[in-house]
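The structure displayed is predicted, hence computed values, not measured ones.
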Amino acid sequence: MTGPLKLNPLLMDGGPLGPISVSGVVSGLRLTQDNAFPGDKSSRLDLSNGQLIVQLTQGPVQFYAQAGAYSLPSLGTPYFTAGDVNGDTFGVLPIAYVKIVPSANFNIQAGKLYTLQGGENTFTFMNFNVERGLLWNQTNAVNRGVQANYARGLFSVSVSLNDGYYSGKYNWVSATVGYAVSPNDTITAGAAANLGRTRKTSFATPLPQSNGEVYVLGWTHTKGPLTVQFYAQVTRLPRDRSLGISRRASTYGAAVLGKYTVAKEFSVAGRAEYIQSTGSPANGAPSLLYGAGSGAWSLTVTPTWQRGILFVRGEGSYVRANSVVPGFGLGPDFDRRAQVRALIEGGILF
């Protein structure tokens with residue numbers, strides 16, 4: 001979790017296993033938007049999280065399990081309710097893994113893991129903002145596979161063999177490296193790629209992205225009440241005529257996110273980002289945004305209040321698309337270029 005929200009875990013006696021941490025979140029949101037997509041609504045009330053987290057963090061064999069319902073709101077895309085998202089994405093047990101810890105510097109995880117790539121986490125309560133951003137829409141969120149982690153001093157590295165965009169085919173390799181250049185600054189670099197070919201396509205496994213590559217470079221600065229995160233991201237999709245991809249395509253994007261703690265119980269977060277795709281409809285390039293060659297930018301502001309287990313967050317966001325291809329835009333007729341959203345999320349964290 002990057003904050004500003006904080007869990008309030010309970011410690012339970014696990015007998016010979018040691019203390020087991022139990023935490024969770026129950027929250028709902030109310031969202032209002034203009035230019036809703038077909039099948040979406042201009043206003044809706046939904047469960048954003050109903051999740052329980054159980055973990056063992058001591059000993060040579062540890063585990064983590066996160067179960068329950070969730071929605072995954074993201075900018076510039078239709079809003080899907082928690083009831084639909086669970087069945088179409090990662091199920092009622094989205095994250096679950098075993099962790100083998102032979103030493104203080106090295107461990108191996110196996111199971112359903114959080115992705116190593118991208119600048120934002122998967123679920124609403126884990127991030128500066130309630131909604132995920134435009135760059136997040138291009139990356140995967142949950143992998144099934146094996147991951148090795150090593151850390152010593154200021155340096156850390158993680159490498160994973162996994163199924164990429166939740167395809168069930170273990171042909172993705174992902175890695176990230178981190179280095180603390182100062183007490184307040186950390187840089188990270190990551191890369192991931194499909195080493196084979198994935199023909200499966202679904203809501204969680206988009207065919208173009210599932211056969212591509214992801215590169216991320218980030219910097220995080222923390223000092224006192226201020227946290228600033230900047231990252232640049234590139235995705236590449238090689239040509240593969242057997243998959244119906246006749247032209248190479250890429251996206252190039254950058255985002256800056258920040259959080260400032262105004263008082264003990266109150267903070268304000270924001271995000272600004274821009275992303276551009278390559279190609280054009282004339283040369284047959286695939287659509288990775290709002291048609292081949294399109295781009296978009298967004299602004300998001302999220303004030304947050306938390307006292308103990310209670311929290312409330314408000315959020316306003318604006319998305320503006322450019323070079324939109326007819327039939328690939330926003331709105332009920334896929335011809336709009338902008339969308340404004342306002343939402344409030346509240347609940348309990350324990």
Side-chain angles (χ1 to χ4, degrees), residues 1-11 21-34 41-53 55 66 68-76 79 81-82 85 94-95 114 118-134 136 141 184 220-230 255-273 298-319 339-350:
M1 293 178 64
T2 59
L5 294 177
K6 298 178 181 178
L7 293 172
N8 298 275
L10 305 173
L11 289 179
S21 171
V22 179
S23 55
V25 54
V26 179
S27 63
L29 62 78
R30 177 62 181 256
L31 179 146
T32 301
Q33 61 184 342
D34 66 358
K41 297 179 180 180
S42 60
S43 182
R44 63 167 69 246
L45 182 68
D46 192 28
L47 175 76
S48 56
N49 293 284
Q51 301 193 66
L52 183 69
I53 302 169
Q55 57 184 320
Q66 184 170 332
Y70 48 88
S71 64
L72 302 174
S74 61
L75 299 182
Y79 180 88
T81 66
V85 167
I95 307 293
Y114 287 110
E120 297 182 80
N121 295 313
T122 302
F123 302 103
T124 64
F125 66 96
M126 292 181 162
N127 296 277
F128 291 172
N129 307 108
V130 180
E131 300 168 279
R132 304 287 64 73
L134 299 170
W136 183 85
N184 304 112
T220 301
H221 173 80
T222 302
K223 188 172 184 179
L226 177 67
T227 300
V228 177
Q229 178 187 5
F230 169 84
V256 58
L257 302 91
K259 173 182 70 74
Y260 187 82
T261 302
V262 180
K264 180 180 179 181
E265 298 171 346
F266 181 72
S267 64
V268 178
R271 175 183 57 215
E273 57 182 344
S298 76
L299 295 173
T300 307
V301 177
T302 310
T304 297
W305 174 87
Q306 182 178 4
R307 175 180 292 178
I309 65 171
L310 301 176
F311 79 92
V312 178
R313 298 203 282 179
E315 183 161 287
S317 63
Y318 178 76
V319 174
Q339 186 175 64
V340 176
R341 281 180 175 172
L343 65 81
I344 185 169
E345 181 187 40
I348 61 172
L349 290 160
F350 62 88

Participant: In terms of side-chain heavy atoms, does S317 have a donor or acceptor partner in E131 at a distance below 3.5 Å?
Facilitator: yes
Participant: Applying ring pair (Phe, Tyr, Trp, His ring centres under 6.0 Å), can you list everything that pairs with Y70, at least two apart in sequence or on another chain?
Facilitator: F123
Participant: Mind checking what makes side-chain contact (heavy atoms from CB on, under 4.5 Å) contact with S74, not counting sequence neighbours?
Facilitator: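 Residues passing side-chain contact (heavy atoms from CB on, under 4.5 Å) with S74: T77, R132, W136, N137.
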Participant: Of all heavy-atom pairs between F350 and V25, which one has the smallest distance, and what is that distance?
Facilitator: CE2-N, 4.1 Å
Participant: In residues 2-10, what donor-acceptor pairs under 3.5 Å come from side-chain atoms, sequence neighbours left out?
Facilitator:
from, atom 1, to, atom 2, distance (Å)
T2, OG1, M126, O, 3.0
N8, ND2, G308, O, 3.2
N8, ND2, L349, O, 3.1

Participant: Kindly compute the distance separating NZ (K223) from CG (N184), expressed to the nearest 0.5 Å.
Facilitator: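 K223 atom NZ to N184 atom CG measures 6.0 Å (nearest 0.5 Å).
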Participant: Could you pull out the closest heavy-atom pair between R341 and L31, with the gap in Å?
Facilitator: CD-CD1, 4.1 Å
Participant: Partners of T222 by side-chain contact (heavy atoms from CB on, under 4.5 Å), sequence neighbours excluded?
Facilitator: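 T220, T227.
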Participant: Does any N or O in the side chain of N121 come within less than 3.5 Å of the main-chain N or O of N127, such that one atom is a donor and the other an acceptor?
Facilitator: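 Such a contact is absent between N121 side chain and N127 backbone.
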Participant: Using the side chain to side chain donor-acceptor pair (under 3.5 Å) criterion, which residues pair with T304? Sequence neighbours excluded.
Facilitator: none
Participant: Mind checking what makes side-chain contact (heavy atoms from CB on, under 4.5 Å) contact with S43, not counting sequence neighbours?
Facilitator: R30, T32
Participant: So which atom in L47 and which in A69 form the shortest heavy-atom distance, rounded to 0.1 Å?
Facilitator: CD2-CB, 3.7 Å
Participant: Just jot down the side chain to side chain donor-acceptor pair (under 3.5 Å) partners of S48, sequence neighbours excluded, or say none.
Facilitator: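 Listed in chain order: S27, E345.
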Participant: For a quick test of your reading: what N or O donor-acceptor pairs under 3.5 Å do the side chains of residues 255-268 make, sequence neighbours left out?
Facilitator:
from, atom 1, to, atom 2, distance (Å)
E265, OE1, R307, NE, 3.3
E265, OE1, R307, NH2, 3.2
E265, OE2, R307, NE, 3.0

Participant: Is there a donor-acceptor pair under 3.5 Å between the side chain of Q229 and the backbone N or O of G119?
Facilitator: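 It does hold such a pair.
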Participant: Tell me, please, which residues at least two apart from F230 pass ring pair (Phe, Tyr, Trp, His ring centres under 6.0 Å).
Facilitator: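 None.
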Participant: Return the OG1 to CG distance between T302 and L343, rounded to the nearest 0.5 Å.
Facilitator: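 T302 atom OG1 to L343 atom CG measures 7.5 Å (nearest 0.5 Å).
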Participant: Residues in side chain to side chain donor-acceptor pair (under 3.5 Å) with D46, at least two apart?
Facilitator: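 Y79.
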Participant: According to salt bridge (Lys or Arg N to Asp or Glu O under 4.0 Å), who are the partners of R44, at least two apart in sequence or on a separate chain?
Facilitator: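 Counting only residues at least two positions away or on another chain, R44 forms a salt bridge (Lys or Arg N to Asp or Glu O under 4.0 Å) with D40.
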Participant: Which atom pair, heavy atoms only, marks the closest approach of L134 to S298?
Facilitator: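 Minimum heavy-atom separation between L134 and S298: CD1-CB, 3.9 Å.
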Participant: Give the minimum heavy-atom separation between A272 and L299, together with the two atoms involved.
Facilitator: CB-CD2, 3.6 Å
Participant: Say you draw a straight line from CH2 of W305 to CZ of R313; how long is it, rounded to the nearest 0.5 Å?
Facilitator: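 Rounded to the nearest 0.5 Å, the CH2-CZ separation comes to 14.0 Å.
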Participant: Decide yes or no on side chain to side chain contact (heavy atoms under 4.5 Å, CB included) for Q339 and D34, but give the supporting numbers first.
Facilitator: CA-CA 6 Å; Q339 186 175 64; D34 66 358; 3.7 Å; yes
Participant: Looking at P73 and L29, what are the two nearest heavy atoms and their distance?
Facilitator: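 Heavy atoms only, the tightest pair is CG-CD2, 4.5 Å.
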Participant: Which residues pass the side chain to side chain donor-acceptor pair (under 3.5 Å) test with Q51, not counting sequence neighbours?
Facilitator: N49, Q66
